[in-house]
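Single-structure report; data block below.
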Amino acid sequence: MRLVPATDGIPAGDLLEGLNDRQRDAVSSTEGPVLIIAGAGSGKTRVLTYRIAYLLRKGVHPSHILALTFTNKAAQEMKERISHLVGGPAARSMWAGTFHSIFARILRAHADRLGYTNAFTIYDSDDQLAAIKACMVQLGINQQVLAPSAVRSRISNAKNSMQSWQEFSRTAGTITDKQAGQIYQDYEKRLSQSNAMDFDDLLLNMIRLLEHHPDVLEHYHDRFRYLMVDEYQDTNRAQYRVVSLLAKKYRNVCVVGDDAQSIYGWRGAEIRNILDFERDYPEAKVVRLEQNYRSTKVILAAADSVIRNNRDQLKKTLWTDNAEGEKITVLGCRDDREEADLIVKTVTSRIASSGYSLKDVAILYRTNAQSQAIEEALRRSNTPYHIVSGVSFYKRKEVKDTLAYLRLIVNPADTESILRVINEPARGIGQTSLRALQEYAQKADVPLFSVLTNIEAVPGIQARTKTAVTNFVTLITNHQFLAQELSPASLAQSYIEATGLMQFYKLQDNDESLDRWNNIERVISHIAEQQELDETLTLAGYLEQISLMSEQDDPKLGTNRIAMMTMHAAKGLEFPLVVIAGMEQGLFPLGKTEVDPKQEEEERRLFYVGITRAREQLVLTYAQQRYRFGEISFSQPSRFLSELDKSCLTVSARPLTTTAAPPARQGYTTAPRPAAPTARLAGSPGQRSAPGTLPRAPRASDYMQTEPTETYSQMPTDDAILWRTGMRVRHPMFGVGSIVALSGVGSQAKATVHFANGQRKQLMLAFARLEVVS
DNA sequence: AGAGCGTCGCTTTTT
DNA sequence: GCGACGCTCT
């Protein structure tokens, strides 16, 4: 629904046309604190972007606006939409990004004030865990008794609520608490010695910076005169604190959120922040956006019937002018495999009957593990799909090793990275030596790297090991030097070659090691690509981008395939047809939520988020048994199903296995299925779900041809290009060349390319980002 | 020092 | 069902 022509040069007043009264109010209330309670589908993003555009049209300089979001995707979208409204240059010079990336940028500029250098490394949760384990080893704390991951979440929780290790230890009662406090203390020391910050530190250090350096605070007060915070219900105490600090002078702070969509409590988010806004800013203007433009009446009613079961909820009434819509289908299945097949069957038949195209469909689930069974079913039926998960590539061992090597160029003090790669590939620097070196570093109170550079001074290290260490140090320092003159991509290329990592995988020459080798190539190509997009890109900048990224860049956007993702990842998105799979006790709601009503409420809000992603049709499925942790487990339908308003539902308790049943999986039998226990769900168990048709305007996608002949996964198998020898191609790194030979088939297909610069390379077509040059 | 084998725990969700 | 980790053997 495009309400305002997105052209440049319209006066500010025209931005308000086509908005409803409440939206207009929210957009034009630019001065002073504003709280916008934005229900699902109420045009929140539009209001936010229009509000910024409105400010700009009023003459506010873009650099005086700061917009904080929760995900990169949201920030990206906001910038794009603003540049449509007011033009690219203005949009580019305003600051919009995630809390973490904006703060990282500010902290780099003032790192010296806090005792870091501006080359500081950002530790992800795996680095955190490695550091915590190392601390525990040094403290002699048994990891069987106290799980490192438990310590990590306790430290993170403490940091999120701005509790220092001193405070943490002071309030520690039990022995475990005291141990955790000790680990917290050592961990902090370890990170600062590594010139590293974890995610939580990006927030905490921002607070320290603003609180202890009045000149810096003053500077940012005048810099950011208008603050905007999206998804305010997901902010934690530390984020809240930064926002209050920044808003203190001008008090032009506008926060947008929906308490019903708060789903990050496990990460320290405080709904309290949104509930307390009016207390913090008594003069605040409160705007409620309650008209929903997204969903049918049925879907809204269903969502409302669920969320009503939560106690802690701001009262609001969502309504819509949209059509009544179709009832929600609930499908009971025998097991996860049948569930997957049924989802595919239902989706494909609705695509045929309702004129949807593949990209109109989303399959949502609670845990990533559930995607597997559904993926298989989609692949069997040759239905193109796309998994929004993103992180997995960067979690691979070889990718992490590569990045660790690169991080050491920028910040050699990074102990976690040293330990990760110093013997990868094996260089004869074993655990015994490493332990000695670390102990020495700790006693001398210096970073591990400086011990390595001065290895001769360390007693008790074998001569052979010393040579190996010296070579390792030289490898890094040499390339650090080279970094001055080479571009990030060329540097990475020669450096990673020199580490022996690629050679190591190449020599093994099996499918798996070749895969790993290719993944390393992909990282290097990726740097080359990014460098092409941004000529000023530095290696440090690239690494920061990677460490703060989520499922951001979405190469499959706009392609016609079914989307699969967790409900968390689906927040902020919408689809005409949504399937939510795995509606079972123990899976959704996940875990043992009976014991913790607060947790159950969060799960319920997550369900609310899932339901409200749907515009027209919603399908819910559950299975009586499914594979979990490698074995079959049995479960009851989710209690959330019974909370849904019965008048919204159509239930098919017995799945319709009209076509030949899939062959039974090994390990269990396909005995005749007993009637599903769904009598309490709705009045008509066993009724066939008949998808009716919701009248709607034809859209472009209706006429698009879909050819479900290829299988896609999240790995970059590009839409089939017919490669031929003699073809002219471009590689992001090596430039233009021509294909001189082809070998292998399918995912193993390789091309030998002769590049214009004289290089000859064999490249895996599935991975190398080759473009055809015409 | 490093390879090989067995055990354990694990899956929430993300910056 | 898989991967990370620890123990043992060479």
Side-chain angles (χ1 to χ4, degrees), chain A residues 68-75 97-104 122-130 133 137 142-144 147-150 153 156 159-160 197-203 231 234-236 238-239 262-269 364-373 388-392 394-397 400 423-435 462 464-465 468 512 544-552 565-571 582 586-593 599 602-603 605-607 609-610 627-633 665-667:
Chain A
L68 295 168
T69 65
F70 216 66
T71 65
N72 292 298
K73 203 165 65 185
T98 63
F99 280 90
H100 291 84
S101 65
I102 297 279
F103 294 174
I122 298 167
Y123 276 3
D124 69 14
S125 43
D126 287 332
D127 300 320
Q128 276 184 57
L129 205 59
K133 282 179 184 168
V137 168
N142 187 339
Q143 303 189 11
Q144 311 285 355
S149 59
S153 74
S156 183
K159 288 188 170 187
N160 284 161
M197 298 186 195
D198 63 23
F199 288 138
D200 304 321
D201 287 332
L202 291 173
L203 309 178
E231 309 282 14
D234 287 333
T235 54
N236 60 35
Q239 286 162 324
S262 163
I263 54 176
Y264 287 105
W266 53 274
R267 225 174 78 177
L364 310 180
Y365 33 78
R366 181 63 181 82
T367 66
N368 278 311
Q370 287 167 260
S371 72
Q372 272 198 5
V388 180
S389 70
V391 280
S392 56
Y394 296 93
K395 283 220 160 118
R396 288 161 186 258
K397 183 186 181 311
K400 297 194 71 165
N423 207 30
E424 197 68 49
R427 301 189 168 86
I429 306 170
Q431 284 199 323
T432 325
S433 314
L434 276 178
R435 204 165 297 160
Q462 291 193 335
R464 210 199 304 175
T465 312
E512 194 205 327
E544 173 159 318
Q545 188 190 318
I546 292 297
S547 58
L548 294 177
M549 136 175 129
S550 56
E551 8 79 40
Q552 51 168 22
M565 68 195 92
T566 64
M567 276 170 278
H568 282 90
K571 189 156 115 171
L587 183 60
F588 192 31
L590 184 70
K592 18 183 189 339
T593 45
Q599 240 183 346
E602 177 148 318
E603 294 285 311
R605 289 191 295 268
L606 185 58
F607 187 33
V609 168
Y627 272 92
R628 274 187 98 184
F629 306 125
E631 54 187 21
I632 298 169
S633 68
R665 203 190 311 206
Q666 257 192 338

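In what follows, chains carry the letters A, B, and so on, assigned in the order in which the sequence lines appear, proteins first and then strands, with residues in each chain numbered from 1.
- Aromatic ring orientation, A/Phe99 versus A/Phe70: perpendicular (interplanar angle above 60°, classes split at 30° and 60°).
- Within the 4.0 Å cut-off from OP1 or OP2 of B/dT13, at least one side-chain nitrogen or oxygen of A/Asn368 is found.
- Of the listed nucleotides (C/dC5, B/dA1, B/dT11), B/dA1 has the atom at the smallest distance from the side chain of A/Thr465.
- Across B/dT13, C/dG1, B/dT15, the shortest atom-to-atom separation from the side chain of A/Thr566 is found for B/dT13.
- The pair A/Asp234-A/Arg267 fails the salt-bridge criterion, with no side-chain N (NZ, NE, NH1 or NH2) lying under 4.0 Å from an Asp/Glu carboxylate O.
- Heavy atoms of A/Lys397 sit nowhere under 4.0 angstrom from any nucleic acid atom.
- By the salt bridge (charged side-chain N to carboxylate O under 4.0 Å, His left out) test, A/Asp200 is found to be paired with no residue, residues two or more places apart in sequence or in another chain being considered.
- For B/dT11 and C/dG6, the C1' atoms lie 22 Å apart once the distance is rounded to whole Å.
- One finds no side-chain N or O of A/Asn160 lying less than 4.0 angstrom from the OP1 or OP2 phosphate oxygen of B/dT15.
- Residue contacts for A/Asn423: at a heavy-atom cut-off of 4.0 Å it reaches the sugar-phosphate backbone alone, with no base atom in range.
- Considering only the side chain of A/Ser433, B/dA1 comes nearest among B/dT15, B/dA1, B/dT11.
- Remark: A/Lys571 is not in phosphate contact with B/dT13, judged by side-chain N or O atoms under 4.0 Å from OP1 or OP2.
- Using a 3.5 Å distance cut-off with no hydrogens or angles, the side chains of A/Gln128 and A/Ser125 do not pair a donor with an acceptor.
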* Structure fact -> Output field dot_bracket for DNA chain B (Watson-Crick or G-U, both distances under 3.5 Å, | for other-strand pairs) contains ||||||||||.....

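- Closest to the side chain of A/Thr432, from the set B/dA1, C/dG1, B/dT14, is B/dA1.
- The side chain of A/Ala426 has B/dG2 as its nearest neighbour among B/dT15, B/dG2, B/dT13.
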